[in-house]
Amino acid sequence: MSTSGPLEDADLVQLLTPAGELREHPEYSPRIAHLDADALRGMYRDMVLVRAFDDEATSLQRQGELGLWAQSLGQEAAQVGSGRALAAQDYVFPSYREHGVAHTRGLDLVDILRLFRGVDQGGWDPEEHRFHLYTLVIGSHTLHATGYAMGLQRDGLVATGDRERDTAVVTYFGDGATSQGDVSEALVFAAVNNAPLVLFCQNNQWAISEPTTRQTRVPLARRGEGFGVPGVRVDGNDVLATYAVTAEALERARSGGGPTLVEAFTYRMGAHTTSDDPTRYRSTSDDEYWRQRDPIDRLRTYLQSAGELGADFVADLDAEVAAFGERIRTTVRAMQPPAPVSLFDHVYGTPHSTLDAERAWFTEYEASFVGEPPQGQVAPAPAGASAGEVAL
Amino acid sequence: MSAAEASGHRGTQRLTLSKAINAGLRRALETDPKVLLMGEDIGPLGGVFRVTDGLHKDFGPDRVVDTPLAESGIVGTAIGLALRGYRPVCEIQFDGFIFPAFDQITTQLAKMRYRSRGRLSLPVVIRVPYGGGIGAIEHHSESPEVLFAHTAGLRVVTPATPADAFVMIQQAIASPDPVMFFEPKGRYWDKGEVDLDTTITSGDTQAGAAALAEMDRAHVARTGTDLTIAAYGAGVATALRAAEAAAADGVSIEVVDLRSISPLDAPTLVASVRRTGRCVVVHEAPVFYGAGGEIAARVTEECFYHLQAPVLRVGGFHTPYPANKVEHDYLPGVDRVLDAVDRAMAF
């Protein structure tokens, strides 16, 4: 596949070049005019912390502390840029790699690791951060996002003119998910209902081992045209362009202008998950090409050349990264499996006699082991030993 | 939870099963502003079976929503609406059209509460006209209820009478759990007395919890002493007719209308079989891996020393639903039920 073509696409919105230089764009440059040096350093800090988290999680999987890990490596700009464009009241429906967006929503990223360690199937309170649980079946959640947006319309939270009140929904998915019928159905439902929705596709060019050419013959940003959903193609490794494009799409959604499809063109610098082996299907020259377009390097170069990356800031951030890493390792290793009988909890909201009978049987069975540790209550094995693999 | 309350003096009316559901939907729409209906052709047309007749006119297009023709989209957006605090009631036009939504129902709808450790609740009802016997073309006569009963997190219920239909649709809507509401379409035109004074509303009262729990209960539809027929949905009327015919031959049959398939009200059924000593299970769905297998296993485990005969099953065959000119050879009619009764009595 071509590695040089897409970034030269004339329609690709880019505000910060791979060399770290600002580029003028008549429509989108004004969208970042208010971002001062503090705001840019904030985005830089976000990306550095998210990458540190991703590195730690990868290491913890290699040490057997996590059953699996889905890396966000290389997609920090697409996630932090779009996440920082959100208003507090907006709602996010992520896929399973949106660690950077989670960070911008104020989640403690360590909570995400509960799912990957196998001690929980969620890990956080979606309402608290207005950030839904991860969805592993690709594309399914784009419909949930659409329905949620339809609910916002019914609640009178669109096009009121009150910036504190008008609300939008953003849903994240990948290039592979665009082939799922649910994504097309989400485009249909969002379009005919004029739902306040941003469909944010991170085209990281790889769906496990399949290149985007196995999913589409046209840029994915054009996928919305036939549905009546406008599309924008943005350099997903450019945090500023991603911010600007998302901010514009969100504003259109909140003001009653309907849905937008954003294609953030980026690159999955890591493996699909820790179970994957990209050396079997893609070249190291591709990796090298994209390493030179690293989203964090780009902003660092810009800030440095602008004299806005002081030694104190860098030192503080280094210390923050080190402390964060320590906290991740300590917290994850301390995560214990839930009590076995808790596997019966929260299946239903009201009593279900069949389930209740099974729980009663299990409780009695557990209690029947006198003087020996009941099954499932032996000292916890490393999570990696039992968590197994899931094909994401 | 919900509160059952006598409200006003609407009294009792003789309604068809479809009109009873219509009345139940209307009551829910009147009572709870968060209730909304979604589906294909449910608006001005009133649904292909007219179950939502008149509701679009009275409650408007935002609450009685004609959706795009995409079942996964219907259920998927209903999940999103429920996350936003709504109580969507989805109509799947026919049983055989539910499969495009199967993933959303089993993978997403059923598991959201569990995955979120109880933080998220999806009070979604999925109405499915099901079953055969109406001379329909293929994909319009199937009985897929067990596929959903096999999925934890869903409740699966099916009314057999207009009276139950009116109350159970309200209970399903008031339930905090996703409910698969299977409507025996072959009985849509059957009439019965409906007590319109029952209103089930959302609320956190003890009475409300009790009213919801009632949805899970099996009912003894006819008492008898020699044999129990366990049936649900359209099978209940067949079982009652078979019981009538058997009575003429001196065999006293008790008919248990299960009403709920998940959960299964095993105690009511077990108590009946312990009294009668024999059990025949009737459903239109294929016998092979069907509800009857589960019921037979449970009855055998709990009534072993009371049984005079093995538990027998009468239902569809291990074939696709056949062309309608031979559907009555496929469906468990009165004669096939009586054949099973004879075999059980001969032990």
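Note that this is a predicted model, so its numbers are computed, not measured. Labels below follow one simple rule: chain letters A, B, ... track the order of the sequence lines, proteins then strands, and each chain is numbered from 1. Atoms considered below: every heavy atom in the structure, side chains included; atoms not considered: hydrogens, waters and symmetry mates.
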Quick check: do R298(B) and T354(A) have side-chain heavy atoms less than 4.5 Å from each other?
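Side chain of R298(B) against side chain of T354(A), heavy atoms only: contact under 4.5 Å found.
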Check whether any side-chain heavy atom of R84(B) sits under 4.5 Å from a side-chain heavy atom of L157(A), and report yes or no.
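Answer yes - side chains close enough.
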Residue part contacting chain B, namely of [X], when any heavy atom lies under 4.5 Å:
X       : answer
D345(A) : both
L152(A) : both
L343(A) : both

Counting only non-hydrogen atoms closer than 4.5 Å, can you tell me which residues of [range] sit against chain B?
range                       : value
residues 126-135 of chain A : P126(A), E127(A), R130(A), H132(A), L133(A), Y134(A), T135(A)
residues 140-147 of chain A : S140(A), L143(A), H144(A), T146(A), G147(A)
residues 184-195 of chain A : E185(A), V188(A), F189(A), V192(A)

Distance check, rounded to the nearest 0.5 Å: [X] atom [atom1] versus [Y] atom [atom2]?
X       : Y       : atom1 : atom2 : result
Y91(A)  : L83(B)  : OH    : CG    : 6.5 Å
Q153(A) : L81(B)  : CD    : CG    : 9.5 Å
Q121(A) : S116(B) : CD    : OG    : 10.5 Å

Quick one: of T107(B), T67(B), D265(B), L154(B), who has the most non-hydrogen atom pairs under 4.5 Å with chain A?
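Between T107(B), T67(B), D265(B), L154(B), the count favours L154(B).
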Flag the one option from G118(B), G153(B), A70(B) with the top tally of heavy-atom pairs under 4.5 Å to chain A.
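Maximum pair count with chain A is reached by G153(B).
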Let me know if [X] has heavy atoms under 4.5 Å from chain A in its side chain, its backbone, both or neither.
X       : value
V75(B)  : neither
I74(B)  : both
A152(B) : both
A78(B)  : neither
S262(B) : both

Between V137(A), D155(A), D120(A), who has the most heavy-atom pairs with chain B when the cutoff is under 4.5 Å?
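Ranked by contacts with chain B, first place is D155(A).
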Between G151(A), S342(A), G122(A), the one whose heavy-atom pairs under 4.5 Å with chain B are most numerous:
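Option with the greatest count: G151(A).
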Answer yes or no: is there a donor N or O on one side and an acceptor on the other, between the side chain of Y114(B) and the main chain of Y348(A), under 3.5 Å?
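Checking the backbone N and O of Y348(A) against the side chain of Y114(B), no donor-acceptor pair under 3.5 Å is found.
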Taking it one step at a time, do L36(B) and R154(A) satisfy side chain to side chain contact (heavy atoms under 4.5 Å, CB included)?
CA-CA 11 Å; L36(B) 53 88; R154(A) 284 165 173 74; 3.8 Å; yes
For the residue pair T350(A) / D177(B), report whether a side-chain donor-acceptor contact shorter than 3.5 Å exists.
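Short answer, yes.
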Show every side chain to side chain donor-acceptor pair (under 3.5 Å) that has at least one partner inside residues 117-126 of chain B, sequence neighbours left out.
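Counting only pairs at least two positions apart or across chains, the side chain to side chain donor-acceptor pair (under 3.5 Å) contacts touching residues 117-126 of chain B are R113(B)-S121(B).
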